Amino acid sequence: MPLYDSASSSAGSCSGSSSSSSSSKPPPPPPLQQDIDGLLAVAGYKIRSSELRQVAQRLERLETAMGNSPADFSQLASDAILYNPSDLAAWVDSLLSEFAQPPTCSSEFIPGPVNNGSTTAESHTPPVQQNITYEQRTLDNQLTVVTATEEDSGIRLVHMLMTCAECVQRGDFSLASSLINDMQGLLARVNTVCGIGKVAGHFIDALSRRIFRGIGGGSVGGGGYAFESEILYHHFYEACPYLKFAHFTANQAILEAFDGHDCVHVVDFNLMHGLQWPALIQALALRPGGPPLLRLTGIGPPSPDGRDSLREIGLRLAELARSVNVRFAFRGVAASRLEDVKPWMLQVNPKEAVAVNSIMQLHRLLGPDPIRNSPIETVLNWIKDLNPKILTVVEQEANHNQPSFLDRFTEALYYYSTMFDSLEACRVQPEKALAEIYIQKEIGNVVSCEGSARVERHEPLAKWRRRLSGAGFRPLALGSNAFKQASMLLTLFSAEGYSVEETEGCLTLGWHSRPLIAASAWQAVAEAGSSAACVG
Amino acid sequence: MARSNEVNLNECKMVVPLNTWVLISNFKLAYNLLRRPDGTFNRHLAEFLDRKVPANANPVDGVFSFDVLIDRGTSLLTRIYRPATAEEPLPDVAELEKPVTAEVVPVIIFFHGGSFAHSSANSAIYDTLCRRLVGLCKAVVVSVNYRRAPENRYPCAYDDGWTALKWVNSRPWLQSRKDSKVHIYLAGDSSGGNIVHHVALRAIESGINVLGNILLNPMFGGEERTESEHHLDGKYFVTLRDRDWYWRAYLPEGEDRDHHACNPFGPNGRSVKGIKFPKSLVVVAGLDLIQDWQLAYVKGLKKAGQEVKLLYMEQATIGFYLLPNNNHFHAVMDEISRFVGSDC
């Protein structure tokens, strides 16, 4: 019985509910040596007790200024870009410089820094952030207060990126390229080692490539170097929990689907280093009643240098299977594109229970034009013909396949910012650096490629549900076991901010409640004799 | 009841601790930025400014929390706060909805304040308050992230409160061992207090038993301008003008403040005489400009023969319960603890 069914419908149905669990550590205590007011800190505001009086005075002045023209106040608030409300002193100061006369020198105040370079009487304590300077610009009717901390330049970068993308969409490439120059200048002043500066950098590169090199895409196209891709994939696997989540969740569902079957066959749409399969092999070895005969068919790109890398992986997995007494057979199918695979190559035996496993592969089949017998339809049809016990699908939870470039760009900016943000938790190198390159390539493809070169055509879970249902599949709910696995994985990973959610039988893993990857399971509908077993 | 005809800014600062003054003044300032004269609300800026905290499945000071989406159609999120037990100091993250083990566990459904427009269940100030209630009342607290005005007018907030009440009432894991029933209290401050009253009304119609209502500075009003509104307008953080704005934002377009949502015992109100209304604890701050309406509410309950206890905190301003740095705070917390504890 699903643990997290919070809908008011009957137990056993998995609709309309979601719960999330996240592991986060308690917030660190405020630094006592800086005399931060503890009660306000708990309310989310950083302010030193010694500053309370001045901030109070400034609040009063703001109120007076406001009393004169409250309507203007809210209008200006709509236009202004405001920053960092937690730093109460700086926040109040920025509002004062925006809406009221700047403070005159007086012994009662700690004067705000003045923008003409002249300093006032000694400031009492250094500001909490380093290098705060104020720059006030008036653009037409728009007052923009920009506090040039690194974070704030980052936000400005985001605004410029959006404008640049919009120019690209309109075809105004000269304005777009001048914006690229501006942004690269701004980037030089921003911390690109972490945070929004890093992501912005990648997007600037991708936009730049789109503008200057056209949309053929170059090396971020579909093929790339298989070997390099595998290395990057492996490091992405290590650096953050997304792929581990994908594997664990899919394996759990596959294990349950294989229950009671003695001959089982897994078809993996993208073998890579076979990272997913040791865990399944071991789980099958421990199955009550003994392991089945396991066949694994791994699909992957052909190796450029004559090596049979697929076979090498197969051999290693066979070695592992032998060590835990699981009868195992491996077959590699080399294909540059998934749509080149024909079902006969998989040599599926009608007596075996088949699981088809697709980790971030289906979106690559969404061709540039909605044409009849597009690759996705072809592939889904032959999957159905295999009559698998289960089809496990993991996809990026993002809308990167919209027709409008600006929409895709915006979505990608937020998606990958979140993903990069989550990567900050990773401390191991070179895993982190290579994982970033892995993600960077994805960004490049989404932003600077078009047509058949653009393969990263991510679509959200809702769309996949419609697509798969329309193609004759019905959802198999991922139950509480899968949720538990995923949650425990997070606890092991112990980075704060990740959260697993159950949503209508599917699981998503996200960062701070923004889902980034979604896992679901499916079964072909209306095959004579197939049992309607609900997984979980 | 103390009334002063000459209250100014300096006096306002004298009745609250300095950090409280800064906190509430900052809210006042921020809120002024958000309300537009045309009745629209700068929601993006509001969310940007609101200091929020995530749920935390690791216990902090003996309380852990997690978020549950209880209605996907309206994206209705609740944050649930539970005491960490001695035997299991670290809850298994996959078993957050483990059944409560005590004979009697009060479940407090909490509605945060914000005049129907501001704040969320995960606002830092309300997260703190809810955590406090857990320890104080040995309760599970369910904080409801109801839909806000002006995007969602009456009756959305009440609908969400009702959804939450039904959900809580139907959770087997929230049932007290003693009678396999969920022991429900409704609590809220400002608009949350208003929601408490209206959700309690719905509960009675549907036969769900609510054991008690806790209203902290509840938000009520009416067309008439009362004495307290005249005297205290603009004196202690709150103006009549902003009160009017929030009612215009929440009430259906074209309705005035004698709508029963705003004025439950007014000309369009519903009497609660003869019905099994929960006992109420109503806290009124003596420096709150809408106190006359709050006192009228208490009177209305009494006239209808309902059990109500009034806590009138003479020198308290709005928001006194947000920081534990004043006597009103501690007095009220003690009363709440007794109010909830009396059924155990």
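Predicted model, so just to flag it, every value in this text is computed and none were measured. Every chain is numbered from 1 and lettered A, B, ... according to where its sequence line falls, protein lines coming before strand lines.
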Of all of B:Thr163, B:Asn19, B:Asp50, B:Leu323, which one pairs up most often with chain A through heavy atoms under 4.5 Å apart?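 Looking at each of B:Thr163, B:Asn19, B:Asp50, B:Leu323 in turn, B:Asn19 comes out on top.
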Does any non-hydrogen side-chain atom of A:Trp91 lie less than 4.5 Å from one of B:Asn26?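 Side-chain contact under 4.5 Å: yes.
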Side chain to side chain, A:Glu63 and B:Leu29, heavy atoms closer than 4.5 Å: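 A:Glu63 vs B:Leu29: side chains apart.
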For the [atom1] atom on [X], are there more than 12 heavy atoms of other groups (residues, nucleotides or ligands in this structure) within a distance under 6.0 Å?
{"X": "B:Asp61", "atom1": "CG", "result": "no"}
{"X": "B:Arg43", "atom1": "CZ", "result": "yes"}
{"X": "B:Asn327", "atom1": "CG", "result": "no"}

Contact residues of residues 124-132 of chain B (partner chain A; heavy-atom separation under 4.5 angstrom):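 Only B:Ala124, B:Ile125, B:Thr128 of residues 124-132 of chain B have a heavy atom under 4.5 Å from chain A.
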For [X] against [Y], the heavy-atom pair lying closest together:
{"X": "A:Ser86", "Y": "B:Arg51", "value": "OG-NH1, 2.8 Å"}
{"X": "A:Tyr45", "Y": "B:Leu49", "value": "OH-O, 4.4 Å"}
{"X": "A:Leu59", "Y": "B:Val22", "value": "CD1-O, 3.9 Å"}

Under 4.5 Å from any heavy atom of chain A, what part of B:Phe27 do you find: side chain, backbone, both or neither?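 For B:Phe27, the contact with chain A is made by the side chain alone.
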How far does CG of A:Leu39 sit from CG of B:Leu322, to the nearest 0.5 angstrom?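 Between A:Leu39 CG and B:Leu322 CG, I get 11.0 Å after rounding to 0.5 Å.
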Please test A:Leu52 against B:Trp21 for side-chain contact (heavy atoms from CB on, under 4.5 Å), starting from the C-alpha separation and ending with a verdict. CA-CA 9 Å; A:Leu52 278 173; B:Trp21 193 92; over 6 Å; no
